[in-house]
Amino acid sequence: MLATIQHLGFVAGDHLYKFPLVGPILKKAGAIVLSNQGGERAQEVLNGGIARLRNEGRHVLIYPEGNLSAPGEKHRYRSGVFHLYDRLERPCVPVATNLGLAWDRQSYAKTPGTVTVEFLEPIAPGRDKEDFMSELERRIETRTDALVAQGLIR
(Lines give C-alpha, C1' and ligand atoms only; values in the text may rest on other atoms or scores of the structure.)
Protein backbone atom coordinates (compact mmCIF):
# COMPACT_ATOMS: atom_id res chain seq x y z
CA MET A 1 0.00 0.00 0.00
CA LEU A 2 2.83 2.39 0.83
CA ALA A 3 4.27 1.87 -2.66
CA THR A 4 0.89 2.36 -4.35
CA ILE A 5 -0.80 5.25 -2.53
CA GLN A 6 0.89 8.62 -2.19
CA HIS A 7 0.76 10.39 1.17
CA LEU A 8 -0.40 7.29 3.03
CA GLY A 9 -0.39 7.19 6.79
CA PHE A 10 -1.63 4.25 8.74
CA VAL A 11 -2.53 2.91 12.12
CA ALA A 12 -0.76 -0.23 13.25
CA GLY A 13 -0.68 -2.37 16.34
CA ASP A 14 2.46 -2.64 18.43
CA HIS A 15 2.38 -6.42 17.87
CA LEU A 16 4.01 -5.76 14.48
CA TYR A 17 7.30 -4.98 16.22
CA LYS A 18 7.83 -8.75 16.54
CA PHE A 19 8.57 -8.94 12.80
CA PRO A 20 12.16 -8.13 11.78
CA LEU A 21 12.64 -4.72 10.15
CA VAL A 22 9.01 -3.70 10.66
CA GLY A 23 9.71 -1.28 13.53
CA PRO A 24 12.04 0.96 11.48
CA ILE A 25 9.61 0.84 8.55
CA LEU A 26 6.73 1.90 10.79
CA LYS A 27 8.78 4.78 12.15
CA LYS A 28 9.98 5.93 8.72
CA ALA A 29 6.44 5.75 7.34
CA GLY A 30 5.12 7.90 10.19
CA ALA A 31 2.65 5.27 11.38
CA ILE A 32 0.45 5.73 14.41
CA VAL A 33 1.47 2.70 16.48
CA LEU A 34 -1.05 1.75 19.15
CA SER A 35 -1.04 -0.79 21.92
CA ASN A 36 -3.43 -3.59 21.05
CA GLN A 37 -4.62 -3.41 24.65
CA GLY A 38 -6.23 -0.02 23.99
CA GLY A 39 -6.80 2.25 26.97
CA GLU A 40 -6.14 5.92 27.67
CA ARG A 41 -2.57 5.92 26.40
CA ALA A 42 -3.65 4.39 23.09
CA GLN A 43 -6.35 7.07 22.80
CA GLU A 44 -3.78 9.82 23.41
CA VAL A 45 -1.46 8.38 20.75
CA LEU A 46 -4.38 8.08 18.32
CA ASN A 47 -5.48 11.67 18.93
CA GLY A 48 -1.96 12.97 18.37
CA GLY A 49 -1.63 10.89 15.24
CA ILE A 50 -4.97 12.13 13.89
CA ALA A 51 -3.84 15.73 14.33
CA ARG A 52 -0.55 14.99 12.56
CA LEU A 53 -2.22 13.14 9.67
CA ARG A 54 -4.78 15.92 9.26
CA ASN A 55 -2.02 18.56 9.10
CA GLU A 56 -0.01 16.49 6.62
CA GLY A 57 -3.09 15.77 4.46
CA ARG A 58 -2.36 12.06 4.42
CA HIS A 59 -4.74 9.25 3.57
CA VAL A 60 -5.07 6.79 6.43
CA LEU A 61 -4.98 2.98 6.35
CA ILE A 62 -6.34 1.03 9.30
CA TYR A 63 -7.48 -2.53 9.88
CA PRO A 64 -10.74 -1.89 11.75
CA GLU A 65 -10.44 -5.24 13.54
CA GLY A 66 -7.05 -4.20 14.88
CA ASN A 67 -5.22 -6.94 13.00
CA LEU A 68 -5.16 -9.09 9.92
CA SER A 69 -7.61 -11.94 10.41
CA ALA A 70 -7.46 -15.44 9.01
CA PRO A 71 -10.08 -16.23 6.35
CA GLY A 72 -13.42 -16.87 8.03
CA GLU A 73 -12.22 -15.52 11.37
CA LYS A 74 -14.31 -12.63 12.66
CA HIS A 75 -13.36 -10.02 15.25
CA ARG A 76 -15.27 -7.01 16.44
CA TYR A 77 -14.43 -3.78 14.69
CA ARG A 78 -12.65 -1.38 17.03
CA SER A 79 -13.98 2.09 17.70
CA GLY A 80 -10.70 3.78 16.74
CA VAL A 81 -11.70 3.55 13.08
CA PHE A 82 -14.79 5.65 13.85
CA HIS A 83 -12.70 8.21 15.72
CA LEU A 84 -10.46 8.60 12.66
CA TYR A 85 -13.46 8.89 10.33
CA ASP A 86 -15.24 11.35 12.61
CA ARG A 87 -12.25 13.54 13.48
CA LEU A 88 -10.75 13.70 9.98
CA GLU A 89 -14.15 14.52 8.42
CA ARG A 90 -13.22 12.75 5.19
CA PRO A 91 -14.79 9.93 3.21
CA CYS A 92 -13.79 6.45 4.36
CA VAL A 93 -12.82 4.03 1.60
CA PRO A 94 -13.34 0.45 2.81
CA VAL A 95 -10.88 -2.10 1.43
CA ALA A 96 -11.53 -5.81 1.02
CA THR A 97 -8.77 -8.36 0.55
CA ASN A 98 -8.09 -12.07 0.52
CA LEU A 99 -4.57 -11.54 1.91
CA GLY A 100 -5.25 -14.01 4.70
CA LEU A 101 -5.13 -16.84 2.14
CA ALA A 102 -1.44 -16.14 1.48
CA TRP A 103 -0.22 -14.68 4.75
CA ASP A 104 -0.91 -16.36 8.06
CA ARG A 105 -0.14 -13.52 10.45
CA GLN A 106 1.03 -16.04 13.06
CA SER A 107 3.80 -17.35 10.81
CA TYR A 108 6.68 -16.10 8.73
CA ALA A 109 5.76 -18.62 6.03
CA LYS A 110 3.74 -17.36 3.08
CA THR A 111 1.55 -19.36 0.71
CA PRO A 112 2.04 -18.71 -3.02
CA GLY A 113 -0.96 -17.32 -4.84
CA THR A 114 -2.67 -14.18 -6.04
CA VAL A 115 -3.69 -11.65 -3.42
CA THR A 116 -6.56 -9.34 -4.32
CA VAL A 117 -7.00 -5.90 -2.77
CA GLU A 118 -10.21 -4.14 -3.71
CA PHE A 119 -11.14 -0.53 -2.91
CA LEU A 120 -14.88 -0.25 -2.27
CA GLU A 121 -17.29 2.66 -2.57
CA PRO A 122 -16.46 5.46 -0.10
CA ILE A 123 -18.61 6.12 2.94
CA ALA A 124 -19.34 9.86 3.03
CA PRO A 125 -18.44 11.77 6.21
CA GLY A 126 -21.08 12.67 8.76
CA ARG A 127 -22.60 9.35 9.81
CA ASP A 128 -23.13 8.55 13.46
CA LYS A 129 -21.03 5.86 15.09
CA GLU A 130 -23.55 3.02 15.01
CA ASP A 131 -24.50 3.62 11.38
CA PHE A 132 -20.90 4.04 10.22
CA MET A 133 -19.59 0.97 12.04
CA SER A 134 -22.35 -1.32 10.79
CA GLU A 135 -22.03 -0.07 7.20
CA LEU A 136 -18.24 -0.38 7.24
CA GLU A 137 -18.38 -3.93 8.57
CA ARG A 138 -21.13 -4.96 6.15
CA ARG A 139 -19.22 -3.69 3.12
CA ILE A 140 -15.84 -5.10 4.10
CA GLU A 141 -17.04 -8.49 5.32
CA THR A 142 -19.38 -9.09 2.38
CA ARG A 143 -16.74 -8.37 -0.23
CA THR A 144 -13.91 -10.04 1.70
CA ASP A 145 -15.95 -13.24 2.01
CA ALA A 146 -16.50 -13.20 -1.77
CA LEU A 147 -12.79 -12.62 -2.49
CA VAL A 148 -11.79 -15.44 -0.13
CA ALA A 149 -14.30 -17.79 -1.76
CA GLN A 150 -12.91 -16.90 -5.20
CA GLY A 151 -9.36 -17.47 -3.95
CA LEU A 152 -10.24 -20.90 -2.57
CA ILE A 153 -11.69 -22.01 -5.92
CA ARG A 154 -8.46 -21.35 -7.86
Between the main-chain N or O of [Y] and the side-chain N or O of [X], is there a donor-acceptor pair closer than 3.5 Å?
X    : Y    : value
R58  : H7   : no
E65  : Y77  : no
R90  : P125 : no
N98  : V115 : no
S134 : D131 : yes
Y85  : K129 : no
R41  : S35  : no

Side chain proximity check, [X] to [Y], heavy atoms < 4.5 angstrom:
X    : Y    : answer
L136 : C92  : yes
T114 : L101 : no
T144 : T97  : no
L34  : I32  : yes

[X]-[Y] co-clustered via ILVMFWY side chain contacts under 4.5 Å:
X   : Y   : answer
I25 : V11 : no
V22 : V33 : yes
F19 : L99 : yes
L8  : L16 : yes

Determine, step by step, whether F119 and I5 satisfy the side chain to side chain contact (heavy atoms under 4.5 Å, CB included) criterion, reporting the C-alpha distance in whole Å, the side-chain angles of both residues, the deciding distance to 0.1 Å, and the verdict.
CA-CA 12 Å; F119 296 88; I5 301 172; 3.8 Å; yes
Please determine whether a side-chain nitrogen of the Lys or Arg among E118 and R143 lies less than 4.0 Å from a carboxylate oxygen of the Asp or Glu.
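Salt bridge between E118 and R143, a charged N being under 4.0 Å from a carboxylate O: yes.
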Basic-acidic side-chain contact under 4.0 Å: K74, E141
yes
Checking I50 against L88 for the side chain to side chain contact (heavy atoms under 4.5 Å, CB included) test, could you report, in this order, the C-alpha distance in whole Å, the side-chain angles of both residues, the deciding distance, and whether it holds?
CA-CA 7 Å; I50 289 170; L88 290 173; 3.9 Å; yes
With sequence neighbours left out, the residues meeting salt bridge (charged side-chain N to carboxylate O under 4.0 Å, His left out) with R138 are E135
In chain order, what residues pass the salt bridge (charged side-chain N to carboxylate O under 4.0 Å, His left out) check against K28, with sequence neighbours excluded?
none
So does Q6 have more than 12 non-hydrogen atoms from other groups sitting under 6.0 Å from CD?
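It does not: Q6 CD has 12 such atoms or fewer within range.
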Residue pair V81, M133: steps toward the side chain to side chain contact (heavy atoms under 4.5 Å, CB included) verdict:
CA-CA 8 Å; V81 69; M133 295 296 287; 3.7 Å; yes
Passes side chain to side chain contact (heavy atoms under 4.5 Å, CB included), T142 versus I140? Steps please.
CA-CA 6 Å; T142 300; I140 292 173; over 6 Å; no
Taking all atoms of both residues into account, what is the closest heavy-atom pair of L53 and G9, and its distance?
CD2-CA, 3.9 Å
Kindly assign one of parallel, tilted or perpendicular to the pair F82 and F132, based on the angle between their ring planes and the thresholds 30° and 60°.
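If you compare the ring of F82 with that of F132, the planes turn out tilted.
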